[in-house]
Amino acid sequence: SLILVYILTIINLVIITTPFVVAFAPVLLIFNNSYSAAFVDLMFICVFLASSTMLIYIMLDILFGISIWGLLRNCKLIESYLVEYPILNECNKNFKKLKSKFNKPGVKLYISNEDAINAYAISSLVKNVVVITMPLIEHMLENSEDEGEFNNSLNAIMCHEFSHLINKDSLPGLILLANGKATHLISKFVYIIFNLLIRIFIGIPFFGHLIKLFLESVYAIADKFVNLFHKYVILNVYEFIKLHIGRQIEFRCDREGAN
């Protein structure tokens, strides 16, 4: 899955830089007689710089858990809810037992106030957390016959999420998330560089405005096609991979959690 994510990342970078390369490759004809060679050279430089930037961002994200902190923005530790929801005391005790069982002493249990009925596990090199949403807790309270069934159900969910943690299943997802953020930053950076170069060319006597109009037109056309390709091809491929990989992972976590 990590290999697939990496391949998609590179494809994404190629797509992001294509409008810029298409627009400015003709300028390189000053140094190279072949447009195709100039295009390839500029594309290689852009993808190399963009991929280096993205890899650095992803490594920092994995090391320091930048994306995790963002995901936990609306979450609180379960201890914050024990007074208001005393029924969660047993859940907290069971969670501590599971930390010992799965040999994950540093894992924290968070309760999220998001609207979805959901539970998930996320991890980095410095932080490992299990998140259960309040709507899921309320749904289980309403549909459990007694407190014992409620605690058993929560325990089964937490076992499932611990399986995600020990297998580092969240890593591809975090890389995808970091990839999305880095892609946005690189896209903005490419646009800024494009506008800076446009300002340089506009200062050329006589032909400056013509060059500006030509470059802006080529960039706009290429950007339109690239956005359509990204929307209808790349994003759908992302979703397919997430669904395909996710289904296999969920079955495995159910099996490991039951044991």
Side-chain angles (χ1 to χ4, degrees), residues 1-6 58-82 85 87-141 150-181 238-239 241-259:
S1 59
L2 287 175
I3 294 173
L4 288 172
V5 168
Y6 176 76
I58 290 172
M59 287 303 299
L60 290 173
D61 197 352
I62 293 172
L63 285 171
F64 300 107
I66 301 169
S67 294
I68 290 180
W69 288 113
L71 291 170
L72 295 178
R73 193 161 37 205
N74 296 318
C75 302
K76 292 181 181 179
L77 288 167
I78 189 172
E79 287 80 4
S80 303
Y81 289 89
L82 296 182
Y85 295 90
I87 196 171
L88 292 177
N89 277 291
E90 189 63 29
C91 171
N92 192 34
K93 292 177 183 176
N94 288 335
F95 184 77
K96 291 176 181 178
K97 293 176 183 177
L98 291 175
K99 290 199 293 184
S100 176
K101 175 184 176 181
F102 287 95
N103 195 27
K104 283 284 185 179
V107 182
K108 302 290 185 181
L109 177 59
Y110 283 82
I111 306 297
S112 170
N113 285 317
E114 64 184 86
D115 295 331
I117 295 177
N118 196 15
Y120 50 91
I122 46 180
S123 64
S124 70
L125 295 181
V126 296
K127 196 170 186 67
N128 294 276
V129 303
V130 171
V131 179
I132 301 175
T133 66
M134 186 54 71
L136 174 59
I137 292 172
E138 292 170 348
H139 174 76
M140 295 177 68
L141 274 171
F150 170 75
N151 287 320
N152 288 336
S153 299
L154 272 183
N155 201 52
I157 290 171
M158 292 189 295
C159 286
H160 178 100
E161 299 308 328
F162 265 97
S163 178
H164 280 306
L165 287 178
I166 62 176
N167 290 286
K168 301 192 181 300
D169 293 331
S170 64
L171 189 56
L174 283 176
I175 291 177
L176 282 174
L177 184 61
N179 172 56
K181 292 181 179 179
Y238 268 122
E239 288 303 315
I241 289 175
K242 280 164 49 177
L243 288 172
H244 176 70
I245 295 173
R247 191 176 293 112
Q248 296 177 359
I249 289 173
E250 294 304 318
F251 285 146
R252 187 206 64 220
C253 289
D254 285 339
R255 185 175 62 253
E256 291 182 354
N259 293 331

Measuring from atom OG of Ser123 to atom CG of Asn167, what distance do you get when rounded to the nearest 0.5 angstrom? 10.0 Å

Between atom CD1 of Ile166 and atom CD of Glu161, what is the distance when rounded to the nearest 0.5 Å? 12.0 Å

Output the distance between atom CD1 (Ile111) and atom CG (Leu82), rounded to the nearest 0.5 Å. 9.0 Å

Would you please test Met158 and Ile132 for side-chain contact (heavy atoms from CB on, under 4.5 Å) and show each step? CA-CA 9 Å; Met158 292 189 295; Ile132 301 175; 4.0 Å; yes

Go through the structure and list residues passing side chain to side chain contact (heavy atoms under 4.5 Å, CB included) with Asn151, not counting sequence neighbours. Glu90, Asn94, Glu147

Restricting to non-hydrogen atoms, name the atom on Leu165 and the atom on Ile122 that form the minimum distance, rounded to 0.1 Å. CD2-O, 3.7 Å

What's the spacing between Ile78 CD1 and Ile137 CD1 if we round to 0.5 Å? 6.5 Å

Going by the angle between their ring planes, with limits at 30° and 60°, are Phe162 and Phe95 parallel, tilted or perpendicular? tilted

List the atom pairs, donor and acceptor, that lie under 3.5 Å between side-chain atoms in residues 112-119 and the rest of the protein, sequence neighbours left out.
residue: Ser112; atom: OG; partner: Glu114; partner atom: N; Å: 3.2
residue: Ser112; atom: OG; partner: Glu114; partner atom: OE1; Å: 3.1
residue: Asn113; atom: OD1; partner: Tyr81; partner atom: OH; Å: 3.4
residue: Asn113; atom: ND2; partner: Tyr81; partner atom: OH; Å: 3.3
residue: Glu114; atom: OE1; partner: Tyr120; partner atom: OH; Å: 3.1

Gap separating the CG atom of Asn89 from the NZ atom of Lys93, nearest 0.5 angstrom: 6.5 Å

Please lay out, stage by stage, how Asn155 and Leu98 fare under the test side-chain contact (heavy atoms from CB on, under 4.5 Å). CA-CA 9 Å; Asn155 201 52; Leu98 291 175; 3.6 Å; yes

Taking atom OG of Ser80 and atom CG of Leu88, what is their separation to the nearest 0.5 Å? 11.5 Å

Those residues that, when tested against Lys108, pass side chain to side chain contact (heavy atoms under 4.5 Å, CB included) (two or more places apart): Leu77, Tyr110, Val129

Least distance between heavy atoms, Ala121 atom then His164 atom: CB-CB, 4.0 Å

